[in-house]
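A, B, ... follow the sequence lines: proteins, then strands. Residue 1 opens every chain.
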There are 2 protein chains.
Amino acid sequence: MDNDHGSALRDSSQRKHFGMRKQTHDQRLKQILQAATELIGKYGFYGTSLHQIADAVGMTNAGVLHYVKNKNELMTMVLESTYDADNPVWRFLRGSSTIDGKDAESAPMHIPVLYRRTTEINESRPDMVRLFSVLSAEALQPTHPAHDYFLRREDVLWRQFSRIDWKVPPGTDLENVFATANSAMDGIQLRWLRDDSIPLTKLWSRCEGIIFPSPLWDDYR
Amino acid sequence: MDNDHGSALRDSSQRKHFGMRKQTHDQRLKQILQAATELIGKYGFYGTSLHQIADAVGMTNAGVLHYVKNKNELMTMVLESTYDADNPVWRFLRGSSTIDGKDAESAPMHIPVLYRRTTEINESRPDMVRLFSVLSAEALQPTHPAHDYFLRREDVLWRQFSRIDWKVPPGTDLENVFATANSAMDGIQLRWLRDDSIPLTKLWSRCEGIIFPSPLWDDYR
DNA sequence: GTCTATACGGAGATAGAC
DNA sequence: GTCTATCTCCGTATAGAC
């Protein structure tokens, strides 16, 4: 990229300078995305201004726009880089990771484990759960910059989920369990965000008892 | 109210005029609240401007503010007047109505009936379901004008629900069923609003099969 | 009862200085 | 890489004419 300024100028100090610039750039971007995650999670996309985000990272409006083309692109980057990238459950569903030490190809796979793992992970990142909850409602409107993301996400999740050879009680309707458990998860997360006096994992354990009832699911959880 | 303008002036034409004014006023207000319900449901409270609402009822910005003190009060009025007022399920839970022809004091009360009735009602008013879904996420933030409403609502609903002498299978944990069913309802409504190619009642029937499984609940639905 | 006019602040985005 | 300055438009809300 732009190598024609003469090789004589690219001494080691220059290269170091370039290296530091690059690192700083990525760090800054990460800071911005993190601030955006928190603020959009709190106030929604429409309720958050670039100015708020800029303030949170100690910059000005124009400074932030040096890193992202515009507000819509910021939304996209937040969704794609921040949320899914470091979600172990997704990595597991994609087959590139393990769940409870088992990979998707070996050992019995139990659905309740997946949801318990999800709540454990999400309990440690309320900001992202909040972002996700707020956007999945706000982005119902087709004009919302996150609309397509949530449309696709539903399908993608199901395709990955249904690829797995789950061990379940005889007669189980996988698709209905999937839809019901995911729906209940959405709702219980909202309740947890509204009042976190009870941990998400505990709130979910109550749902698990209803959705995967004993004794039917005793050997499959 | 304001009777001291002299009885000589209150002839029949005046009274008629006053009557018409009153009617027009209420109608206008209702129009405004209806438009606000639709628009806030689509774009959220922060994403909706008074101008949009004014446009929808063929008025100007200032015209709308003749009916509501400010935007926050509009939010309150929408919530309190529009949503709960004409919800038969709530009226039933308050004990002032019947469910499937039975009132709360007689006949066996079955929980799945309550949720089925809710989906039937909500299927006919997507605008209000949307309003409710969007706000319950947007209003997580304590500074949101609907925050308190949703905090109280959770408690109120449970208090009314738990007053009823539900007929349920032995060993049922009422509170867990309530929390799980409500959460699943939140999530399934979101999915329905995102893609309404399958009716809400049908989507819910799948959840019912999971949350109130056969044969345990066969005599209680 | 509804309008126009207006005050005032904040939004997103760009140009150009440093 | 970040700032200031600025553009343009939109936001809520009020005052006062009709």
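Atom CG in A:Leu65 sits roughly 15 Å away from atom P in D:dT4 (whole-Å rounding). The nearest whole Å value for the distance from the NE2 atom in B:His66 to the P atom in D:dA15 is 13 Å. Rounding to whole angstrom units, CD of residue A:Gln31 and P of D:dG1 are separated by 14 Å. Look at CE on B:Met75: it is 16 Å from C1' on D:dT12, rounded to the nearest Å. Rounded to whole Å, the distance from CG on B:Asn72 to P on D:dG11 is 16 Å. Taking atom CD on A:Gln27 and atom C1' on D:dG1, their separation rounds to 14 Å, with Å as the unit. Atom CG of B:Asn61 and atom C1' of C:dG1 are 16 Å apart (whole Å). Summarising the geometry, the separation between OH on A:Tyr67 and P on C:dA13 is reported as 18 Å, rounded to the nearest angstrom.
A heavy atom closer than 4.0 Å to some atom of DNA chain D occurs in no member of residues 38-57 of chain A.
Here the rule is side-chain contact (heavy atoms from CB on, under 4.5 Å) with B:Leu33, and of B:Val78, B:Ile53, B:Val57 only B:Val78 fits it.
For A:Gln31, the side-chain hydrogen bond (donor to acceptor under 3.5 Å, both in side chains) partners two or more places apart in sequence, or in a different chain, are A:Arg28. For B:Trp204, the ring-ring contact (aromatic ring centres under 6.0 Å, His included) partners two or more places apart in sequence, or in a different chain, are B:Tyr115.
Because its NZ or CZ atom is both nearer than 6.0 Å to the ring centre of A:Phe45 and within 45° of the ring axis, A:Lys71 counts as a cation-pi partner of that residue.
At least one side-chain nitrogen or oxygen of A:Thr60 sits closer than 4.0 Å to the OP1 or OP2 atom of D:dC3.
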Take A:Leu140 and B:Lys42 through the test side-chain contact (heavy atoms from CB on, under 4.5 Å) and record every step on the way to the result. CA-CA 8 Å; A:Leu140 288 171; B:Lys42 281 184 183 165; over 6 Å; no
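Each of D:dC3, C:dG12, C:dT2 was ranked by its minimum atom distance to the side chain of A:Ala62; first place goes to D:dC3.
Ring planes of B:His144 and B:Tyr46: perpendicular class, angle over 60° (limits at 30 and 60°).
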